[in-house]
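Fair warning: this is a prediction, and the values are worked out from it, not measured in the lab. Below, each value reflects all heavy atoms present in this structure, side chains not excepted, and no hydrogens, waters or symmetry copies.
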Amino acid sequence: DSVMGSVYSPISGKASRPFYLDRICVSVYSGDELIYCLGEYPELLCVDMFNKDLIKWLNEDCSAKELAEMIEKLIRAKADITKIVSSLLKKAPFITDQEADRILKVIKESEGSSEFDKRKARGDFFLTKERYSYAIREYELLLSSLNDEESERVASVYHNMGVAKARLFLFEQAADDFLRAYDCDENPVHYYAYIATLRFTLTDREYVRMIGDDSKMREVTLRLEADIEKAKKEFLESPEYVDFLNKKEESDESGRYAFCNYLDVKINEKKEEYNKYVY
């Protein structure tokens, strides 16, 4: 293995079965991958990640006895997360001193956060990484621990959970979340998102009937329709759509089979992309 032209020896062997790091929803196959992931997700780390199962896996599946013993000693000494990660980073030649300092700084800054901030940060992290089902799970757990008095906090969690559900095309559920967020703090951002989900859930007749004589709904709808038209224009000018049109024009009788194959490939790509969001 090499990094920036330098050659280094692997920290451990490669396991035949992965170890699943539940905290960051990632599977790793070696001690090297384990340490690399710590650097990728420093704001999500906690001491509980380093347990007997991980030690056993490193020892038996990766032939990383030295690494396993080091983690076991740190746990026995009740080391904090900064000490554990710092010790592991020193074992990795692919982590520079500057990178290690950055990682440890993020961990120290997150240590002072409240339990709410830590869990919401985890949900938001999964949301930005397009792991929507994981984000929803975090938000649901967080909401179960909050009370109605914490209106601003509740609103932010409901809104982000609505975003995750909308991206999974669960528009009806997303609408409920956005409306709950708006009921908490009356932020117009939540209301706009609520109207947008209705636009994709209801038929045109149902949507027009619901707007009715509601001036606030009409105002938001006008902005929404302008945004939809802008999005449509951007899509029609996108390289992906232009490529589709070109392939379609080439699909005469002799090229129809190739065009069908092209469509199959694109559809399967979208299916795989959606599965990534869900699982």
Side-chain angles (χ1 to χ4, degrees), residues 1-4 6-126 128-129 131 133-135 137-142 144-145 279:
D1 296 311
S2 64
V3 175
M4 299 295 289
S6 301
V7 178
Y8 70 91
S9 299
I11 298 169
S12 77
K14 184 175 181 180
S16 59
R17 65 180 181 91
F19 186 85
Y20 184 67
L21 299 169
D22 181 72
R23 180 74 180 178
I24 57 179
C25 299
V26 171
S27 293
V28 295
Y29 281 86
S30 67
D32 302 75
E33 288 188 7
L34 169 66
I35 297 175
Y36 176 80
C37 284
L38 301 182
E40 288 292 292
Y41 312 100
E43 65 271 47
L44 303 181
L45 306 181
C46 67
V47 173
D48 293 343
M49 292 175 58
F50 304 94
N51 50 43
K52 292 181 179 179
D53 291 335
L54 176 60
I55 292 170
K56 182 179 179 181
W57 177 79
L58 285 169
N59 202 6
E60 297 179 1
D61 292 73
C62 295
S63 301
K65 184 178 180 180
E66 183 181 344
L67 198 62
E69 288 179 348
M70 186 187 76
I71 294 175
E72 188 172 20
K73 287 179 181 178
L74 288 166
I75 293 174
R76 285 178 180 174
K78 296 184 178 180
D80 61 18
I81 187 63
T82 303
K83 176 63 177 176
I84 294 174
V85 175
S86 175
S87 300
L88 288 170
L89 293 178
K90 290 176 182 176
K91 291 287 184 180
F94 50 84
I95 301 289
T96 65
D97 291 341
Q98 293 81 3
E99 182 65 9
D101 289 342
R102 182 195 67 80
I103 293 167
L104 295 174
K105 182 181 178 182
V106 173
I107 293 174
K108 288 176 182 177
E109 289 175 349
S110 64
E111 280 182 329
S113 303
S114 66
E115 189 58 34
F116 169 88
D117 291 332
K118 289 180 182 178
R119 188 170 285 280
K120 185 170 184 296
R122 190 169 182 232
D124 293 347
F125 171 82
F126 289 131
T128 58
K129 292 294 183 179
R131 303 301 296 274
S133 60
Y134 291 110
R137 181 180 66 179
E138 288 299 319
Y139 294 139
E140 288 176 340
L141 289 171
L142 185 53
S144 67
S145 67
Y279 302 109

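Among residue pairs with one or both ends in residues 74-87, those qualifying as side chain to side chain donor-acceptor pair (under 3.5 Å) are Glu72-Arg76, Thr82-Glu111; sequence neighbours excluded. Among residues at least two apart or in separate chains, ring-ring contact (aromatic ring centres under 6.0 Å, His included) pairs with a member in residues 52-75 are Phe19-Trp57. For the ring-ring contact (aromatic ring centres under 6.0 Å, His included) condition, no pair includes a residue of residues 62-85, sequence neighbours left out.
When all heavy atoms of Ala135 and Phe126 are compared, the closest pair comes out as N-CB, 3.8 Å.
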Solution key, residues 90-99 side-chain donor-acceptor pairs under 3.5 Å, sequence neighbours excluded:
residue : atom : partner : partner atom : Å
Lys91   : NZ   : Glu66   : OE2          : 2.7
Thr96   : OG1  : Glu99   : N            : 3.1
Glu99   : OE1  : Arg102  : NE           : 3.4
Glu99   : OE2  : Arg102  : NE           : 3.3
Glu99   : OE2  : Arg102  : NH2          : 2.8

Tabulate below the donor-acceptor pairs under 3.5 Å that side-chain atoms of residues 40-54 make, not counting sequence neighbours, or state none.
residue : atom : partner : partner atom : Å
Asn51   : OD1  : Asp53   : N            : 3.2
Asn51   : OD1  : Leu54   : N            : 3.0
Asn51   : ND2  : Asp48   : O            : 3.3

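Side-chain atoms of Leu88 and Leu74, non-hydrogen and from C-beta on, never get closer than 4.5 Å to each other. In this structure, the side chains of Leu38 and Ile24 stay at 4.5 Å or more apart for every pair of heavy atoms.
A search for ring pair (Phe, Tyr, Trp, His ring centres under 6.0 Å) contacts involving Tyr139 returns nothing, not counting sequence neighbours. By the side-chain hydrogen bond (donor to acceptor under 3.5 Å, both in side chains) test, Glu60 pairs with no residue at all, sequence neighbours left out. Residues forming a side-chain hydrogen bond (donor to acceptor under 3.5 Å, both in side chains) with Arg119 (at least two apart in sequence, or on another chain): Glu138. Partners of Tyr36 under the side-chain hydrogen bond (donor to acceptor under 3.5 Å, both in side chains) rule, at least two apart in sequence or in another chain, do not exist in this structure. Under the rule for a ring pair (Phe, Tyr, Trp, His ring centres under 6.0 Å), Tyr29 has no partner lying at least two apart in sequence or in another chain. For Glu69, there are no side-chain hydrogen bond (donor to acceptor under 3.5 Å, both in side chains) partners at least two apart in sequence or on another chain.
No side-chain donor-acceptor contact under 3.5 Å links Ser12 to the backbone of Ala64.
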